Number of protein chains: 2
Amino acid sequence: MADRLPQLELGNQLCFALYSASRASIRAYGPLLAELGLTYPQYLTMLVLWEASEPLTVGDIGARLHLDSGTLTPLLKRLEDLGLADRTRDRADERRVLVSLTERGRALRADAAGIPERIFRRYGLDIAAAQRLVRELTEITGALTRPL
Amino acid sequence: MADRLPQLELGNQLCFALYSASRASIRAYGPLLAELGLTYPQYLTMLVLWEASEPLTVGDIGARLHLDSGTLTPLLKRLEDLGLADRTRDRADERRVLVSLTERGRALRADAAGIPERIFRRYGLDIAAAQRLVRELTEITGALTRPL
DNA sequence: CGCAATAATGTTGTGCACAATCTAACCGAA
DNA sequence: TTCGGTTAGATTGTGCACAACATTATTGCG
């Protein structure tokens, strides 16, 4: 039997499955991130900064997270208020803002290190299955992000 | 080689892959939904209402979409303002609010019918792969939603 | 050089999400 | 019957997302 074309049924819709799973995972992370005083998008931003050896511009962070300045500017100001990051205009190009971690921001990495594992254990997720899923999702994201 | 435990790397994180893919799909739907004058969560709510033969309570809709009244109450008022839905207190239980479609709301279903297919064609998504993915994502959502 | 085009970030306004709290309505046992 | 507990929905406040636009800085071309 041929695969049916996508129907107007909630249960069959890939977009709804993605939307539900994403929000469920954010809710799952919530309590653990609250221990660090972070929201979920703030945590993602810290991941980007922890991985970078150099200060990043707002645009660099936005490119990795697919977020624009309208979202990032206030978020980064909150990270600054928390004492986790610094924002300084780039002397060499005054249009840019360089975001770097404070000592406190770097130190927080150790506290965050166990979070993914705690989530996987707590909810009994399979690591190999998750890695496969990550690959498929990355591909979907790429397809949907491609310019038409 | 054993599968590694989840690391603090953006690219390996299931939660980020879900978050990115969900937002990418919402962005992809955006222009098509704008033709109908709907946002993405409004579209999901309309899907639920189109599938139901009876009026649904706010709680019914929330159970299907995993949304609470704090999100749904204003959203449903907007659908009411658009002339797509009616909200009336249940005479039999004055705590409840019954949400039903207007004639215009029902008529909009025909305009929405082609949207999933247009998305799949436009972005070259594979239907069979998507259906497999929906099953895996539904399972993940279930696992993450399970009470501890 | 002069200046139009471009680039990076910031601002504004709308609409979710969700936690916390509130209010009104229902239910059930003493 | 009444009153304590529960339920359904609304409200409030915070923080994203994102479109549209504003601002300032840089760049490249004539």
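Just so you know, these numbers come straight off a predicted model, no measurement behind them. Throughout, protein chains are lettered first and strands after them, A, B, ... in sequence-line order, and every chain is numbered starting at 1.
Partners of A:Arg106 under the salt bridge (charged side-chain N to carboxylate O under 4.0 Å, His left out) rule, at least two apart in sequence or in another chain, are A:Glu103. Applying the salt bridge (charged side-chain N to carboxylate O under 4.0 Å, His left out) test to A:Arg104 and every residue at least two apart in sequence or in another chain returns nothing. Listed by chain and residue number, B:Tyr29 satisfy the ring-ring contact (aromatic ring centres under 6.0 Å, His included) test with B:Tyr43 (two or more places apart in sequence, or in another chain). Partners of A:Ala28 according to the side-chain contact (heavy atoms from CB on, under 4.5 Å) rule, which considers only residues two or more places apart in sequence or in another chain, are A:Ile119, A:Tyr123, B:Leu144. Residues meeting the salt bridge (charged side-chain N to carboxylate O under 4.0 Å, His left out) test with B:Arg118, sequence neighbours left out: B:Glu35. Partners of B:Glu54 under the salt bridge (charged side-chain N to carboxylate O under 4.0 Å, His left out) rule, at least two apart in sequence or in another chain, do not exist in this structure.
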Please tabulate, for the side chains in residues 15-23 of chain B, all donor-acceptor contacts under 3.5 angstrom to protein atoms that are two or more places apart in sequence or on a different chain.
| unit_1 | atom_1 | unit_2 | atom_2 | d |
| --- | --- | --- | --- | --- |
| B:Ser20 | OG | B:Phe16 | O | 3.1 |
| B:Arg23 | NH1 | A:His66 | O | 3.0 |
| B:Arg23 | NH2 | A:Leu65 | O | 2.7 |
| B:Arg23 | NH2 | A:His66 | O | 3.3 |

Side chains of residues 75-82 of chain B: which donor-acceptor partners sit under 3.5 Å, not counting sequence neighbours?
| unit_1 | atom_1 | unit_2 | atom_2 | d |
| --- | --- | --- | --- | --- |
| B:Glu80 | OE1 | B:Arg87 | NH1 | 3.2 |
| B:Glu80 | OE2 | B:Arg87 | N | 3.4 |

Which atom pairs link the protein and nucleotides 9-11 of chain D when you take only N or O atoms and keep those under 3.5 Å?
| unit_1 | atom_1 | unit_2 | atom_2 | d |
| --- | --- | --- | --- | --- |
| D:dG9 | OP1 | B:Val58 | N | 3.3 |
| D:dG9 | OP1 | B:Val97 | N | 3.1 |
| D:dG9 | OP1 | B:Val97 | O | 3.4 |
| D:dG9 | OP2 | B:Gly59 | N | 2.7 |
| D:dA10 | OP1 | B:Arg87 | NH2 | 2.7 |
| D:dA10 | OP2 | B:Thr73 | OG1 | 2.4 |
| D:dA10 | N7 | B:Ser69 | OG | 2.7 |
| D:dT11 | OP2 | B:Lys77 | NZ | 2.9 |

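Within residues 19-37 of chain B, no residue has any heavy atom closer than 4.0 Å to DNA chain C.
When all heavy atoms of A:Thr145 and B:Ala24 are compared, the pair lying nearest together is OG1-CB, 4.0 Å.
Evaluation of the salt bridge (Lys or Arg N to Asp or Glu O under 4.0 Å) test over residues 24-33 of chain B, restricted to residues two or more places apart or in two chains, returns none.
Remark: P of D:dT7 and CG of B:Asp93 are 12 Å apart, rounded to the nearest angstrom.
For DNA chain C, the contact window with chain B, defined by any atom under 4.0 Å from a protein heavy atom, covers C:dG15 to C:dC26 in 5' to 3' order.
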